[in-house]
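Computed from a predicted structure; not experimentally measured.
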Amino acid sequence: MKTIFTTLGISLLVLAGCNGQKKTTETDFIQDNINNAVAQETLQTDIIEKSGKILNPRTIDKDGNIVYVPIDDWCSGFFPGNMWYTYELTGDEKWKPLAEKYTEALDSVQYLTWHHDVGFMIGSSYLNGYRYADKKEYVPVIVQTAKSLSTRFRPKAGVIQSWDADRGWQGERGWKCPVIIDNMMNLELMFEATKLSGDSTFYNIAVSHANTTMKNHFREDNSCFHVVDYDPETGAVRNRQTAQGYADSSAWARGQAWALYGYTMCYRYTKDPSYLDQAQKVYNFIFTNKNLPEDLVPYWDYDAPNIPNEPRDASAAACTASALYELSTYVPDKGYKEMADKIMESLASPAYRAAVGTNGNFILMHSVGSIPHGAEIDVPLNYADYYFLEALIRKRDLEKK
Ligand code: GLY
């Protein structure tokens with residue numbers, strides 16, 4: 001019996017394969033990716049639950065071991081964030097207590113003031129709990145985090161300082177008030193904190209930061225620098241440089257994705273057309289770039305010296321896809337959704353999507369953390385998975401309409 005059914009099953013699959021060549025519907029695409037995500041995340045979570053510890057997986061090391069990070073790591077929100085997204089995508093109640101547990105493990109992050117990434121950390125964990133499970137008790141945490149982030153606002157320069165200039169490797173660069181393009185992503189938490197508390201301070205800081213960044217971070221060709229260092233006393237720009245890109249003058253791929261996503265998101269909260277315009281300028285830079293590969297998954301830097309023999313960055317592609325789904329809702333006639341769909345097809349193909357049980361049980365392969373630091377080169381990253389799942393939700397919602 002088993003053999004007959006197996007044979008029958010294989011025949012049906014083969015038939016479906018021939019017949020359905022390119023007839024895979026969008027619904028199938030989404031369901032297939034949900035199934036895959038559930039399989040990987042179940043394996044990932046089971047290992048952690050069995051350990052009896054609260055662990056937070058970020059990537060794998062050179063030997064393929066899973067790398068877990070402490071809660072003050074900038075990536076600590078993405079693991080619980082992936083559970084909230086899986087909960088939203090499946091509706092399966094099993095994910096909710098897990099998402100709550102690993103979100104609430106980040107409780108003390110709301111008081112963290114020594115770097116700017118609390119927007120990523122609390123945004124992907126607590127804010128998603130509030131959004132997808134109506135966790136009203138998370139609101140004070142979101143507002144307190146915005147207060148902590150506000151302590152890094154430098155009024156003379158009009159920006160939130162990203163990194164401290166006197167610690168770690170950043171302390172060796174001679175910076176006074178370094179601001180990285182990534183910081184645009186932290187503004188979502190500020191806008192939400194104003195909505196939730198009625199305190200406009202957070203909104204005003206976010207707008208000031210977005211405007212100053214728009215003025216100082218972008219080049220003539222609409223690409224952006226990674227780091228702009230300010231004099232916090234005068235607001236003057238001291239330097240425009242890179243930390244994770246190939247060169248000061250190059251276009252680091254994830255930085256361009258942060259910029260596209262950041263200005264699209266700022267438009268969501270402000271309806272300021274200059275933000276929409278900025279997002280589209282970044283889009284034009286990315287999608288007319290001669291070094292963007294045909295599958296739309298960029299090399300880690302658009303100016304990396306050995307293209308095409310350079311690592312790709314799937315995290316940049318996933319973030320770009322998610323941003324483009326949102327952008328397509330504001331500007332429906334420019335093909336942004338279609339471009340996002342193409343990126344998603346690439347990411348969901350065997351070239352980037354790992355087989356179940358491999359890749360440290362992360363969903364996507366082939367991302368890059370920081371080549372100049374020799375760190376996380378051609379590996380899975382939890383935030384690549386996070387923006388991939390977010391893009392999947394956005395795609396699903398757009399296609400439902
Ligand atoms: N925010 C750090 C990074 O994009 O690698």
- Task: Please determine if Asp397 and Lys400 form a salt bridge, counting it only when a charged side-chain N lies under 4.0 Å from a carboxylate O.
- Result: yes
- Side-chain heavy-atom pair Leu276, Leu327 within 4.5 angstrom cut-off: yes
- Message: Can you tell me how the ring of Phe218 sits relative to the ring of Tyr263, calling it parallel under 30°, perpendicular over 60° and tilted otherwise?
- Response: perpendicular
- Query: Using 30° and 60° as the class limits, which term best fits the ring planes of Tyr269 and Phe191: parallel, tilted or perpendicular?
  - Reply: parallel
- Query: Once you round to the nearest 0.5 Å, how far does CG of Asp277 lie from CG of Asp272?
  - Reply: 9.5 Å
- Note on the structure: Rounded to the nearest 0.5 Å, the CG atom of Leu43 sits from the CG atom of Asn359 at a distance of 12.0 Å
- Between Tyr111 and Gln144, a side-chain donor and acceptor under 3.5 Å: no
- Item | Leu89 vs Asn33 side-chain heavy atoms within contact, under 4.5 Å | no
- Residue that, paired with Tyr102, satisfies ring-ring contact (aromatic ring centres under 6.0 Å, His included) out of Tyr68, Phe78, Trp84, Phe79: Phe79
- Item | Stepwise side-chain contact (heavy atoms from CB on, under 4.5 Å) check, Glu192 with Arg131 | CA-CA 11 Å; Glu192 284 290 339; Arg131 276 184 180 144; 3.3 Å; yes
- Message: Given Tyr336, which partner from the list Phe287, Tyr283, Tyr330, Tyr325 fulfils the ring-ring contact (aromatic ring centres under 6.0 Å, His included) test?
- Response: Tyr283
- Message: With a 3.5 Å distance limit and no angle check, can you tell me whether Gln244 reaches the backbone of Pro372 through a side-chain donor-acceptor pair?
- Response: no
- Please answer whether the main-chain N or O of Tyr302 pairs with a side-chain N or O of Asn291 as donor and acceptor at a distance below 3.5 Å. yes
- Is a side-chain N or O of Gln170 found less than 3.5 angstrom from the main chain of Asp166, in a donor-acceptor match? no
- May I ask you to decide if Lys94's main-chain N or O and Asp92's side chain share a donor-acceptor pair within less than 3.5 Å? yes
- Query: Is it true that the side chains of Tyr267 and Glu326 contain a donor and an acceptor less than 3.5 Å apart?
  - Reply: no
- Message: Less than 3.5 Å apart, any donor N or O on the side chain of Trp258 or Asp182 sitting next to an acceptor on the other?
- Response: yes
- Using atom types as modelled and distance alone, determine if a side-chain donor or acceptor of Ser367 lies under 3.5 Å from a backbone N or O of Ser315. yes
- Under 3.5 Å, is there a donor-acceptor pair between the Thr86 and Glu41 side chains? yes
- Task: May I ask you to test the Glu188-Arg268 pair for a side-chain heavy-atom distance under 4.5 Å?
- Result: yes
- Closest heavy-atom pair, Ile343 versus Leu324, reported as atoms and distance to 0.1 Å, is CD1-CD1, 4.3 Å
- Smallest separation among heavy atoms of Ser150 and Met190, with atom names: OG-CE, 3.4 Å
- Query: About how many Å separate CH2 of Trp114 and CD of Gln161, when rounded to the nearest 0.5 Å?
  - Reply: 13.0 Å
- Indicate yes or no for a side-chain donor-acceptor contact from Asp164 to the backbone of His115 under 3.5 Å, with no hydrogens or angles considered. no
- Query: Any chance NZ of Lys342 has more than 12 other-residue heavy atoms, nucleotides or ligands included, within less than 6.0 Å?
  - Reply: no
- Is it true that the NZ or CZ of Arg219 lies under 6.0 Å from the centre of Phe225's six-membered ring and within 45 degrees of the ring axis? yes
- Residues Ala351 and His366: closest non-hydrogen pair is O-CD2, 3.0 Å
- Test side chain to side chain donor-acceptor pair (under 3.5 Å) applied to Gln280 and Asn284, step by step: CA-CA 6 Å; Gln280 293 185 91; Asn284 290 338; over 6 Å; no
- Where Leu260 and Ala323 come nearest, the two heavy atoms and their spacing: CG-CB, 4.0 Å
- Query: Mind checking whether Tyr386 and Ile363 have side chains closer than 4.5 Å, heavy atoms only?
  - Reply: no
- Of the non-hydrogen atoms in Ile160 and Val179, which two are nearest, and what is the gap between them? O-CG2, 3.5 Å
- Task: Any ring pair (Phe, Tyr, Trp, His ring centres under 6.0 Å) involving residues 133-155? Give me the pairs, sequence neighbours left out, ordered by first then second residue.
- Result: Tyr126-Tyr138
- Message: Are the side chains of Asn186 and Asp117 in contact, using a 4.5 Å heavy-atom criterion?
- Response: yes
- Task: Determine, stepwise, if the pair Asn183 / Thr213 fulfils side-chain contact (heavy atoms from CB on, under 4.5 Å).
- Result: CA-CA 9 Å; Asn183 207 339; Thr213 299; over 6 Å; no
- Query: Does the side-chain contact (heavy atoms from CB on, under 4.5 Å) test come out yes or no for Glu345 and Phe29, once each step is laid out?
  - Reply: CA-CA 9 Å; Glu345 266 166 40; Phe29 178 89; 4.2 Å; yes
- Task: First locate atom CD1 of Ile377, then atom OG of Ser370, and finally report the distance between them rounded to the nearest 0.5 Å.
- Result: 8.0 Å
- Message: Within this structure, what is the OH-CD1 distance for the pair Tyr85 and Ile393, rounded to the nearest 0.5 Å?
- Response: 6.0 Å
- Query: Out of curiosity, Met83 CE to Glu100 CD, how far, rounded to the nearest 0.5 Å?
  - Reply: 11.5 Å
- All heavy atoms of Ala391 vs all of Ala318, minimum pair found to be CB-O, 4.4 Å
- Do Asn82 and Tyr383 meet the criterion of a side-chain donor-acceptor pair at a distance under 3.5 Å? no
- Would you call Val143 and Phe202 a side-chain contact if the rule is heavy atoms closer than 4.5 Å? yes
- Message: I'd like to know if the side chain of Arg254 and the backbone of Gly369 have a donor-acceptor N/O pair within less than 3.5 Å.
- Response: yes
- Query: Around Lys53, counting heavy atoms of other residues, nucleotides and ligands shown, do more than 12 lie under 6.0 Å from its NZ?
  - Reply: no
- Message: side chain to side chain donor-acceptor pair (under 3.5 Å), that's the test. Do Asn309 and Tyr299 meet it? Break it down for me.
- Response: CA-CA 9 Å; Asn309 300 313; Tyr299 298 100; over 6 Å; no
- Item | Distance-only side-chain donor-acceptor flag, Asn36 / Gln40, under 3.5 Å | no
- Message: Using the ring centroid of each side chain, check whether Trp169 and Trp163 are separated by less than 6.0 Å.
- Response: yes
- In terms of side-chain geometry, is the basic nitrogen of Asp229 or Arg173 positioned less than 4.0 Å from the acidic oxygen of its partner? no
- Message: Quiz question: by atom type and distance under 3.5 Å, do the side chains of Ser76 and Asn56 form a donor-acceptor pair?
- Response: no
- Step-by-step side-chain contact (heavy atoms from CB on, under 4.5 Å) determination, Met184 to Cys266: CA-CA 9 Å; Met184 288 299 302; Cys266 284; 3.7 Å; yes
- Task: Count the heavy atoms belonging to other residues, nucleotides or ligands that lie under 6.0 Å from CD of Glu93, then report whether that count exceeds 12.
- Result: yes
- Query: Judged by modelled atom types alone, do Glu376 and Thr59 share a side-chain donor-acceptor pair under 3.5 Å?
  - Reply: no
- Within a strict 4.5 Å, meaning less than it, do heavy atoms of the Ile30 and Glu399 side chains meet? yes
- Item | Neighbour count >12 (heavy atoms, 6.0 Å) for atom NZ, Lys215 | no
- Item | Pairwise side-chain contact, Tyr130 with Val139, heavy-atom cut-off 4.5 Å (strictly under) | yes
- Query: Do Asp248 and Arg240 sit within salt-bridge range, that is, some charged N less than 4.0 Å from a carboxylate O?
  - Reply: no
- Is the number of heavy atoms from other residues, nucleotides or ligands under 6.0 Å of Tyr203 OH greater than 12? yes
